[in-house]
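Whatever order the structure lists them in is the order used to number ligands and atoms, beginning at 1. These numbers were taken from a predicted model, which means no experiment stands behind them.
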Amino acid sequence: MRVYIETFGCQMNVLDSELAEALLRSAGMEITDREDSADVVLLNTCSVREHAERKVHSRLERLCDEKAAGREVIIGVLGCMAQRTGEELIKLHKGINLLCAPGQLHRLVELITAAMNSSPQIALDPPRGQAKKSTTETGFIDLLRNPFRTHLPAQAYVRIMRGCDKFCTYCIVPYVRGPEQSRNPDEIIEETKRLIDAGITQITLLGQTVNSYRFEQSGKTVGLADLLKRLDNLTGLKRIRFITCYPGGFDRAILQAMRDLPKVCEYLHIPAQSGSDRILKAMGRHYSRADYDRLIDDARQIVGQIGIAGDFIVGFPGESDEDFQASVELIRRTRYKNSYIFKYSPRPGTVAARRFIDDVPPEVKRRRNIELLTVQQEVSLADNRALIGKVVEVLVEGKSPLAKKQNKGLSPEGSSTSDNLVQLTGRTRTDHIVVFDGPENLAGKYVDVEITDATALTLIGRQKTQGEDKKDDSYFKNH
Ligand code: SAH
Ligand code: SF4
Ligand code: F3S
């Protein structure tokens with residue numbers, strides 16, 4: 001049986017799809033990248049904005065049409081949208097055979113098998129009100145993963161928490177991903193060791209608010225900084241990242257860990273969402289603009305060279321021009337490496353959708369989105385240009401998507417030039433994207449690259465050293 005999985009949404013879903021693949025493979029199923037000839041099509045979905053759900057609806061419409069026209073296919077919906085819409089989704093798209101919420105992934109094989117023989121299978125998590133709040137982890141299937149099949153060469157995501165308890169007023173995540181639960185650090189270490197044995201050198205710890213990580217062990221609380229310390233001791237590992245951070249109550253020990261631990265990369269993804277106190281309050285974000293500014297100042301002061309990324313929502317209910325200008329000003333002040341900017345999208349069932357009118361007109365949202373992006377690009381371009389002439393260490397991801405696009409339809413060798421170089425892409429410790437020409441077999445290796453040019457989105461460079469799988473730790477802190 002051939003299974004095709006398509007992933008929407010965030011890194012959590014990328015990891016969940018990876019875990020799902022491992023489960024299905026060990027049950028004897030084949031994973032294919034050809035949707036048209038698959039026997040089972042699974043969509044791992046996202047509900048964070050209406051647009052994300054709309055994409056899934058149109059995919060489902062097409063698949064169900066094909067099925068109605070005679071294609072034999074099992075259609076499954078996994079992830080956040082399965083949990084949010086539940087049975088309604090099957091009423092809307094009659095060809096769906098199974099729904100599997102994020103917390104039910106361990107049952108996927110059983111669900112597919114049952115769906116082949118009978119009516120639609122529905123496995124949802126308990127609604128948020130009834131979900132038990134617990135600090136001991138349950139249902140982490142992460143140890144069942146295949147460490148040889150990760151999303152990128154030499155890189156892996158490692159989940160350290162599930163769920164979210166912050167309940168920002170606009171956000172659907174706490175409803176679809178359930179209560180916050182931190183995972184046992186021993187298990188995280190165990191999983192990381194297996195990944196290292198399989199050749200992984202960079203791990204990215206995942207959680208909705210990773211700085212809330214907390215696990216009670218032998219009468220002591222293990223926090224994120226403690227976990228980083230334990231991971232930093234693992235031989236063979238070269239880089240540790242963590243995403244995403246929540247700015248409220250941010251423990252400065254995490255910044256010290258970043259400064260002191262050689263493997264912990266100098267990168268923070270720490271969304272502000274807005275620069276205006278009035279809007280932050282309405283969003284239910286439990287920090288002020290002054291708290292946020294102080295945190296950024298501390299990060300720069302303690303860590304030194306650091307890449308900071310942010311998220312913003314424009315057009316939140318009641319956002320005035322003045323509120324919006326506060327976000328513009330925050331980008332200029334923080335000098336983010338990059339920002340993800342979203343237009344507010346009311347999510348059914350959230351506090352904001354119930355209490356506030358979505359009163360910022362679409363064209364104003366659009367204009368603010370463009371303006372914020374423009375300001376961010378200005379900042380990124382200036383800061384990227386300042387890196388020209390520097391040598392940076394890059395972990396190579398592979399052929400750059402641009403090179404892939406440009407070479408579509410060309411020779412089977414793809415973008416190979418006369419001396420077999422292709423355009424490669426990779427990232428620095430600070431998460432800057434670097435593109436340069438090199439042999440394709442550098443994917444998963446560490447290379448020194450001299451920056452020769454820059455755009456707002458990427459650094460362009462020239463390869464200085466041969467690729468290395470691993471370098472000794474002392475190397476890292478000097479670069
Ligand atoms: N846990 C992460 C982010 C989760 S969702 C955090 O708290 O930082 C990713 C981003 O989507 C958020 O940071 C926010 O900027 C955006 N987002 C969430 N809900 C949204 C909504 N209803 N409308 C528009 N953007 C939203
Ligand atoms: Fe959503 Fe807020 Fe939780 Fe992030 S912290 S997932 S924005 S509720
Ligand atoms: Fe989307 Fe769920 Fe992630 S709503 S952003 S896939 S946690």
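Of all the atoms in ligand 3, the ones that sit under 4.0 Å from a non-hydrogen atom of C10 are 3 (Fe), 5 (S), 6 (S), 7 (S).
With sequence neighbours left out, the ring pair (Phe, Tyr, Trp, His ring centres under 6.0 Å) criterion links Y175 to F167.
Outside the 6.0 Å centre-distance limit, the rings of F312 and F324 are not counted as a close aromatic pair. With ring centers used as reference points, H286 lies 6.0 Å or more from Y246.
Protein atoms that are N, O or S and lie under 2.8 Å from atom 3 (Fe) of ligand 2 are these: C164 SG.
Residue-level proximity to ligand 3 for C80 is carried by the side chain, the only part with a heavy atom below 4.0 angstrom.
Residue R285 places a heavy atom under 4.0 Å from ligand 2. Residue contact check for ligand 3: S47 places a non-hydrogen atom closer than 4.0 Å to it. Using a 4.0 angstrom heavy-atom cutoff, R177 counts as in contact with ligand 3.
The contact shell of ligand 1, taken as protein residues with any non-hydrogen atom closer than 4.0 angstrom, comprises V48, R49, Y170, Q208, T244, P271, Q273, R285, D311, I313, F342, K343, Y344, S345, R347.
For the pair I331 and E378, the minimum side-chain heavy-atom distance is 4.5 Å or more.
Rounded to the nearest 0.5 angstrom, Q208 CD and C168 SG are separated by 10.0 Å.
Checked for salt-bridge contact, R347 and E53 meet the test: a charged N lies under 4.0 Å from a carboxylate O.
Legend: side-chain hydrogen bond (donor to acceptor under 3.5 Å, both in side chains) pairs involving residues 351-362, not counting sequence neighbours, sorted by first then second residue: D358-K365.
With Q83, Q208, R84 as candidates, the residue nearest to atom 7 (S) of ligand 3 on a non-hydrogen basis is Q208.
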